[in-house]
Amino acid sequence: MPGQYFMNQTMRWYGPADVVSLADIRQAGCSGVVTALHQIPVGEIWSRAAIKERKSIIEAAGMTWKVVESLPVHEDIKKGKPQRDLWIKNYAESLVNLAAEGIEVVTYNFMPLLDWLRTNVAYELPDGSKALYFDRLAFVVFDLFLLQRPGAEKEYTSAEIAAAQKQFNSNDAETNATLFRNCMMGLPGSKISFTRQQVLEALQGYAGISAKQLKENLFYFLGQVVPVAAAHGLKLAIHPDDPPFSVLGLPRIMSTAADVTDLVNAVPDHANGLCFCTGSFGARKDNKLVEMLQAFADRVHFLHLRNTNMEMNGNFYEADHLAGDADMYSIVATVWEIMQRRQYSIPMRPDHGHQMLDDLKKETFPGYSAIGRLKGLAEIRGVEYAVSRFSQA
Ligand code: DNO
């Protein structure tokens, strides 16, 4: 409909090795993909030539590449190590190269070590499709008995420790091995298997870094890269913590509305914004998603739309996009109003999807099946269409 701003529909594509092809994504109705140069080690510069090459593959498939997800932040920057300035310089150079190739939004996160965490990546729903699941008890089993993280017991109640001990005793070796593998999937390079010792050493690297310190390290980083992004017409979009609470004793700094307020106050430039992930923020009851969208309307540079179902005891699983605890209708209606006011189409992707139908026969990145995401996208597209018609009535 002329004069109206619709979300820019995209899907994540993991690059040429992704079993979900560009043709699949196009048939899902997307005008573009979000992707990253996963082959480049974290911290190294993304050259213009490498960016251009990726862009031409996407354009040859009839789509555009406007959003990067992610340009990862080196752990030395998060830890505030002296050599961070070198990594920040590289980051800025990658930003300049991305802008020169027409990229508009760069997504990143500031989570120590783990980019996401689930205990089960194939949780079977009653209809036989599969979802990602965070089971707190399984996580406690992992932390206390598989990882055996020193001091971990201080973070759990005695009832939780007893229940976890019971669960651990009844698990067979395969269940434990799968649990260990699942919990480590959010580590960079998760295709390789990490030993307990390696994980403990990596965690040790964050000993003594409080949430306050981590936030200061984020703001130091942003203080240098936001001006570069702004000067080149790029928007930076931080992804919230997933899950939005501390895990494995690691500090968390992007879990709540107060965290977002600190972010925008620290570096007020409009280029400093958010990847508003309804699934990540939504896994906390005190995050009121619609209010947050309204409060940070001008800072929402990218949207991840997905839903979670919070159960008792801190468990949650990824629900259908229109089911679950997040009121997706109100979210889409709010985004709609924001876009008309800003006169801007916010890029969006359906975040995650169930493994269903033919997806069940394929091995995709957890959450990134073709049909499950297509279903989520189609449902959200339908809601947006209805909202647009209603707003004209
Ligand atoms: C998980 C994704 C994250 C996200 C990064 C952004 O499915 O939402 O991996 O891409 O945290 O930097």
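In each ligand, atom 1 is the first atom listed, and ligand 1 is the first ligand listed. Everything numeric in this text was worked out from a predicted model, so none of it was measured. Scope of the values below: all heavy atoms of this structure, side chains included, with no hydrogens, waters or symmetry mates. Along the sequence shown, residues carry numbers from 1.
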Considering only distance and modelled atom types, tabulate donor-acceptor pairs under 3.5 Å from the side chains of residues 222-232, sequence neighbours left out.
from: Gln224; atom 1: NE2; to: Tyr220; atom 2: OH; distance (Å): 3.3
from: His232; atom 1: ND1; to: Val228; atom 2: O; distance (Å): 2.9

With a cut-off of 3.5 Å and sequence neighbours excluded, list every side-chain donor-acceptor pair involving residues 202-210.
from: Tyr206; atom 1: OH; to: Glu75; atom 2: OE1; distance (Å): 2.4
from: Ser210; atom 1: OG; to: Lys212; atom 2: N; distance (Å): 3.4
from: Ser210; atom 1: OG; to: Gln213; atom 2: N; distance (Å): 3.0

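Screening residues 136-151 for side-chain hydrogen bond (donor to acceptor under 3.5 Å, both in side chains) gives Arg136-Glu160, Asp143-Arg149, Asp143-Tyr156, Arg149-Glu155 as the qualifying pairs, with residues at least two apart or on separate chains.
Using a 4.0 Å cut-off between charged nitrogen and carboxylate oxygen, Lys362 and Asp359 do not count as a salt-bridge pair.
Not a single donor-acceptor pair under 3.5 Å links the side chain of Lys235 to the backbone N or O of His270.
We find the OH-CD1 distance between Tyr108 and Ile238 to be 3.5 Å, quoted to the nearest 0.5 Å.
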Give a table of atom pairs where an N or O of ligand 1 lies under 3.5 Å from a protein N or O.
from: ligand 1; atom 1: 7 (O); to: His352; atom 2: NE2; distance (Å): 2.6
from: ligand 1; atom 1: 7 (O); to: Tyr368; atom 2: OH; distance (Å): 2.6
from: ligand 1; atom 1: 8 (O); to: His239; atom 2: NE2; distance (Å): 3.2
from: ligand 1; atom 1: 9 (O); to: Asp115; atom 2: OD1; distance (Å): 3.1
from: ligand 1; atom 1: 9 (O); to: Asp115; atom 2: OD2; distance (Å): 3.1
from: ligand 1; atom 1: 10 (O); to: Arg12; atom 2: NH1; distance (Å): 3.2
from: ligand 1; atom 1: 10 (O); to: Arg12; atom 2: NH2; distance (Å): 3.2
from: ligand 1; atom 1: 10 (O); to: Glu69; atom 2: OE2; distance (Å): 2.4
from: ligand 1; atom 1: 11 (O); to: Asn109; atom 2: ND2; distance (Å): 3.2
from: ligand 1; atom 1: 11 (O); to: Asp115; atom 2: OD1; distance (Å): 2.6
from: ligand 1; atom 1: 12 (O); to: Ser70; atom 2: OG; distance (Å): 2.6
from: ligand 1; atom 1: 12 (O); to: Asn109; atom 2: N; distance (Å): 3.4
from: ligand 1; atom 1: 12 (O); to: Asn109; atom 2: ND2; distance (Å): 3.0

